[in-house]
Participant: 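Sharing a structure below in C-alpha cells format, with a few things to ask.
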Amino acid sequence: SLVAINSGGMGVLIPDLVAKLDAANKVTNLAIVATVAFVVTIIAQPLAGALSDATRSRFGRRSPWIVFGALLAGGFTIGLPLAASSLAMITLTWVLVQVGVNAVLAAAQAIVPDRFAPSQRGAASSLIGVVAQRLVRVDRVGVDVQPLEIHVDRIFVLAGVGDGAGLVEEAVGFLLV
C-alpha cells in the first residue's frame, strides 16, 4: 500500500496534476515536486525513527507512529487533487504524504527487533514479507480476510476494502504482530 502511494502518486497522480497546472513546464515542475519531497524524506524517516524510539505510550512505541503516519499519508493522498491550485500546494501536500509514509516505514522497520527474540527474527521477517505480498493482493481484489499463523505464536488478521484501505491494512497488519 505504501508502495502504491509512491508508485501511483509519483507515477500517475502528481505528473497529471502538474501537467494540468502548467503543461508547458510540466517536466520542470515535476522535478521540483520530486526533489523537494526527496529532500524532506531524507530528514523525515530518521527523525520519525528517533521519535518512535523515544515514544512511550500505552499503545507502545511504534503503533502511534504507524497509525499517525497512515492517517497523515492517507488523508493528504485523498486531498491531493484538491491541492492542485498551485505548484506550491501540490508540493506541500505531496511532502506531507511522504512524511506520513516515512513515519509508517520508520516505525515498522523496528517492530521485528522490538518484539521478537533474535532466534525468531528470521521467521518474523519472512512473515512480514508474506504479509506485504498479501496486502498487494488485497488491494487488487477487494475484500479479503485471511489469518496467517507462524511458529512464533503470532497471528495476523488482514482485512481490506479496495484501493482506499491500503494504509489501514498495513497499519492493522503491523499492530497485531
Side-chain angles (χ1 to χ4, degrees), residues 1-52 55 62-111 128-146 158-175:
S1 299
L2 297 175
V3 172
I5 283 180
N6 283 328
S7 298
M10 222 28 172
V12 178
L13 185 58
I14 300 293
D16 184 57
L17 294 175
V18 168
K20 286 178 182 175
L21 188 65
D22 181 7
N25 296 310
K26 65 183 179 185
V27 174
T28 302
N29 290 341
L30 181 61
I32 290 168
V33 173
T35 302
V36 171
F38 174 71
V39 169
V40 170
T41 60
I42 290 173
I43 298 163
Q45 191 162 4
L47 180 61
L51 291 171
S52 147
T55 298
R62 312 300 175 194
S63 297
W65 289 94
I66 292 171
V67 171
F68 167 75
L71 292 173
L72 183 69
F76 279 101
T77 299
I78 292 168
L80 195 53
L82 303 174
S85 59
S86 71
L87 184 63
M89 286 303 296
I90 292 171
T91 304
L92 176 63
T93 305
W94 186 245
V95 162
L96 291 170
V97 168
Q98 291 302 305
V99 167
V101 166
N102 280 278
V104 171
L105 290 173
Q109 290 170 343
I111 287 178
I128 289 173
V130 168
V131 168
Q133 293 302 313
R134 188 82 178 126
L135 290 174
V136 170
R137 182 183 170 278
V138 169
D139 276 347
R140 290 185 186 148
V141 171
V143 178
D144 185 21
V145 176
Q146 179 69 40
L158 305 175
V161 183
D163 293 331
L167 282 171
V168 175
E169 294 162 10
E170 193 136 349
V172 170
F174 281 117
L175 287 171

Participant: Hey, what do you get for CZ (Phe76) to CG (Leu71), rounding to the nearest 0.5 Å?
Facilitator: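 If I round to the nearest 0.5 Å, the distance is 11.5 Å.
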Participant: Is there a side-chain contact between Asp22 and Leu87 in this structure, where contact means two heavy atoms from C-beta onward sitting under 4.5 Å apart?
Facilitator: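 Result no, sub-4.5 Å side-chain heavy-atom pair not found.
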Participant: Please name all residues satisfying side chain to side chain donor-acceptor pair (under 3.5 Å) with Trp65, sequence neighbours left out, ordered by chain then number.
Facilitator: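 Here the qualifying residues are Thr55.
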Participant: How close do Thr93 and Ala83 get, counting heavy atoms only, and between which atoms?
Facilitator: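 Nearest heavy atoms, Thr93 then Ala83: OG1-CB, 3.1 Å.
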Participant: How close do Gly69 and Val104 get, counting heavy atoms only, and between which atoms?
Facilitator: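 Nearest heavy atoms, Gly69 then Val104: C-CG2, 3.5 Å.
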Participant: Starting at CD1 of Ile90, measure out to CD1 of Ile32 and round the result to the nearest 0.5 Å.
Facilitator: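 Between Ile90 CD1 and Ile32 CD1, I get 11.0 Å after rounding to 0.5 Å.
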Participant: Can you name the closest pair of heavy atoms from Ala48 and Ala103 and give their distance?
Facilitator: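 For Ala48 versus Ala103, the nearest heavy atoms are CB-CA, 3.8 Å.
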Participant: Provide the closest heavy-atom pair for Thr35 versus Ala31 in the form atom of the first, atom of the second, distance.
Facilitator: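 Scanning both residues, the minimum pair turns out to be OG1-O, 2.7 Å.
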Participant: What's the verdict on side chain to side chain contact (heavy atoms under 4.5 Å, CB included) for Leu82 and Met89, showing C-alpha distance, side-chain angles and the deciding distance?
Facilitator: CA-CA 9 Å; Leu82 303 174; Met89 286 303 296; over 6 Å; no
Participant: Return the NZ to CG distance between Lys26 and Leu17, rounded to the nearest 0.5 Å.
Facilitator: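 Taking NZ in Lys26 and CG in Leu17, the distance rounds to 13.0 Å.
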Participant: Shortest non-hydrogen contact from Ala44 to Val99?
Facilitator: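 Nearest heavy atoms, Ala44 then Val99: CB-CG2, 4.2 Å.
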Participant: Which heavy atom of Pro15 sits nearest a heavy atom of Gly9, and at what distance?
Facilitator: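 In this case the closest contact between Pro15 and Gly9 is CD-O, 3.6 Å.
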Participant: Is the shortest side-chain heavy-atom distance between Ile111 and Ile66 below 4.5 Å?
Facilitator: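 Result yes, sub-4.5 Å side-chain heavy-atom pair found.
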Participant: Give the intermediate values and the outcome of side chain to side chain contact (heavy atoms under 4.5 Å, CB included) for residues Ile14 and Leu80.
Facilitator: CA-CA 9 Å; Ile14 300 293; Leu80 195 53; 3.3 Å; yes
Participant: Taking Asn102 for the side chain and Gln98 for the main chain, is one N or O donor matched with an acceptor at less than 3.5 Å?
Facilitator: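 Looks like yes, one N/O pair under 3.5 Å.
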Participant: Go through Val27 and Leu30 one step at a time and tell me if the side chain to side chain contact (heavy atoms under 4.5 Å, CB included) criterion holds.
Facilitator: CA-CA 5 Å; Val27 174; Leu30 181 61; 5.9 Å; no
